[in-house]
Amino acid sequence: MAMTGVLRPGHISLRVLDLEEGINFYKNTLGLVETGRDDQGRVYFKAWDERDHNSVLIREAEQAGIDFFAFKVADKATLEKLDGDLQAFGLTTERIPAGEMLETGERVRFKIPSGHFIELYAEKTDVGNGQPYVNPNPWIPAAEHGIAPSRMDHCLLYGPDIEKVQEIFEKVLGFFLVEHVLLEDGKTDLAIWLSCSTKAHDIAFVRHGEPGKLHHVAFKLDSWERVLRAADLMSMNKISIDIGPTRHGITRGTTIYAFDPSGNRFETFCGGYDTYPDYKAITWTWDEVGPGIFYHDRKLNERFLTVVS
């Protein structure tokens, strides 16, 4: 499939309650690479195998949660087109100048009906993954530091009006529905999984009365063994584990959910299937939502459904 338009998830900005505690967690336990700090008090990280300068930002605040989630687009012309398309669809956009975030070009920011701020951008400095572009080795020492995910992969957001959100992502941004969960009425969606690539999802939404909430940000590992290693490291570092190691029915990924020291949930996972825009979306009915979410336990964890930041 030709990669045009929106390419992939690009970065997430998170609020933490204690900056130094957050830095220690994201750098040493999760094992991200710190790439910079700015005069706004934000600290920048990337996963070891990512090439762009940053994918995770944290800043200190009185309440944990998400500031915004961003996608990288193919080029500046695509950014201009999508900005116009969003406005034509009735959304208000804001242009964030290049350099407002370290090593990041101009961004287009807009608020979606679920209450979240989404950004698009085309340019970010390639700082590499610690390997040359000619004759590289398969990994570097940073790949063994902490949990060491290979990339920031997706997020799950909680908020209202997910039908309107889906319409924006499909009709304007070119995403497609991969899976969805129906409520008891058999018609209304509880949750939707959307992709702009061949991944099982690049972003997902759950219907929730309170807008603008983060359920989790997900980081990709390369194998089930690395997921189990992540569980060991979480226990060694006294990280609060929500659920897992286990497996999803939805997307088929193997996973652990846990909380950073501020209460922001994160996922470390591997697996999942490849998908394409011509595939028919998979439907999960309300009576099977338990194994859909947690295939091994076949029942839901109440904290997993209700705790958000």
Side-chain angles (χ1 to χ4, degrees), residues 5-6 8-14 64-71 82 86 89-91 109-120 152-197 199-219 242-243 248-253 255 257 264-267 269 272 275 277 279 281-286 288-289 292-294 300-301 303-309:
V6 179
R8 64 177 182 271
H11 57 252
I12 187 169
S13 178
L14 295 170
I66 181 173
D67 287 326
F68 49 82
F69 190 77
F71 293 91
L82 289 174
L86 288 163
F89 202 76
L91 296 173
R109 179 182 293 173
F110 55 99
K111 191 175 186 179
I112 57 176
S114 60
H116 300 93
F117 287 98
I118 301 296
E119 295 185 346
L120 306 175
M152 186 278 290
D153 189 82
H154 64 268
C155 70
L156 172 59
L157 304 177
Y158 267 42
D161 299 324
I162 64 173
E163 296 90 353
K164 296 176 183 176
V165 170
Q166 181 177 344
E167 190 175 17
I168 293 165
F169 272 83
E170 289 182 342
K171 293 186 176 180
V172 183
L173 301 179
F175 286 63
F176 59 97
L177 181 68
V178 181
E179 302 203 30
H180 63 138
V181 174
L182 297 175
L183 287 169
E184 291 176 278
D185 65 8
K187 299 177 182 178
T188 308
D189 281 330
L190 168 66
I192 54 175
W193 284 257
L194 301 163
S195 180
C196 65
S197 62
K199 289 158 49 184
H201 57 315
D202 289 297
I203 195 167
F205 293 90
V206 169
R207 187 181 304 279
H208 185 67
E210 192 175 4
K213 292 299 182 180
L214 172 70
H215 185 272
H216 71 266
V217 56
F219 297 91
D242 187 18
I243 190 80
H248 291 308
I250 298 167
T251 77
R252 302 183 199 161
T255 182
Y257 290 93
N264 294 308
R265 187 187 280 103
F266 69 97
E267 178 187 20
F269 84 102
T275 189
Y279 283 12
I282 294 170
T283 300
W284 290 83
T285 56
W286 180 254
E288 289 295 314
V289 69
I293 303 297
F294 297 128
L300 295 176
N301 171 344
R303 183 168 67 168
F304 183 82
L305 291 178
T306 59
V307 175
V308 293
S309 61

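Index from 1, following the sequence.
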Between [X] and [Y], is the ring centre distance below 6.0 Å?
| X | Y | result |
| --- | --- | --- |
| F69 | H215 | no |
| F269 | H154 | yes |
| F68 | F117 | no |

Side-chain touch [X]/[Y], heavy atoms, less than 4.5 angstrom:
| X | Y | result |
| --- | --- | --- |
| M152 | P9 | yes |
| H201 | V178 | no |
| I66 | V217 | no |
| T275 | F176 | yes |
| F205 | Q166 | no |
| L120 | F71 | yes |
| I168 | P113 | yes |
| K199 | D153 | yes |

| message | Among I282, L177, V181, I203, which residue satisfies the side chain to side chain contact (heavy atoms under 4.5 Å, CB included) criterion with W193? | response | V181
| request: To the nearest 0.5 angstrom, please state how far the CG atom of L182 sits from the OG1 atom of T188. | output: 8.0 Å
| request: Report the distance from atom CZ of R8 to atom CG of D202, rounding to the nearest 0.5 Å. | output: 10.5 Å
Checking [X] side chain against [Y] main chain: does a donor-acceptor pair fall under 3.5 Å?
| X | Y | value |
| --- | --- | --- |
| N264 | G65 | yes |
| E179 | T251 | yes |
| R265 | V307 | yes |
| D161 | K164 | no |

| task | Please lay out, stage by stage, how V308 and E210 fare under the test side chain to side chain contact (heavy atoms under 4.5 Å, CB included). | result | CA-CA 10 Å; V308 293; E210 192 175 4; 5.5 Å; no
| query | Strictly by modelled atom types, are H11 and E119 linked by a side-chain donor-acceptor pair under 3.5 Å? | reply | yes
